[in-house]
Amino acid sequence: MDSTPLLSMMVLTCLGVLLFVALAKPLRLFFRFCVSAIGGTVLLFLCSKIGICVGVNLVTICISGILGIPGILGLILCSIFL
C-alpha cells in the first residue's frame, strides 16, 4: 500500500489549519473596522439630514472606522465648533 496520498492530505490539512489560525485575528480586525466604518458613515449621513454638516470622505470614514462612536462624536464636535 502506498501511504503518500494520505500523508500529503494530512500535511495539507495541517497547513490549512495553520493558515486559518494565522489569519484569524487580522481578518477579525478588518471586519470590525469595516462594520464600524459602515456604521459611522450611516451616522454621518443621518447627522447631515438633521442639519449637522459633517463631510463624508475617506478621512472621516477611516476615523469612524478606527475610533468608532468616540471618533464620530469628535467629528461632529469639530464640525460644530470649527
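All heavy atoms count here, side chains included; hydrogens, waters and symmetry mates do not.
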Locate the shortest heavy-atom distance separating [X] from [Y]; write the atom from each residue and the value.
X	Y	result
I72	S64	CG1-CB, 3.7 Å
G68	S36	CA-OG, 3.6 Å
C53	S79	O-CB, 3.4 Å
T41	A37	OG1-O, 2.7 Å

Is [Y] reachable from [X] through a run of hydrophobic residues whose side-chain heavy atoms are each under 4.5 Å from the next?
X	Y	value
L44	L82	no
F30	I61	no
V35	L46	no
L43	L58	no
I38	I66	no

List the steps and the verdict of side chain to side chain contact (heavy atoms under 4.5 Å, CB included) for L75 and L67.
CA-CA 11 Å; L75 288 170; L67 298 177; over 6 Å; no
For I76 and C47: C-alpha separation, side-chain torsions, deciding distance, then whether side chain to side chain contact (heavy atoms under 4.5 Å, CB included) applies.
CA-CA 8 Å; I76 292 170; C47 286; 3.4 Å; yes
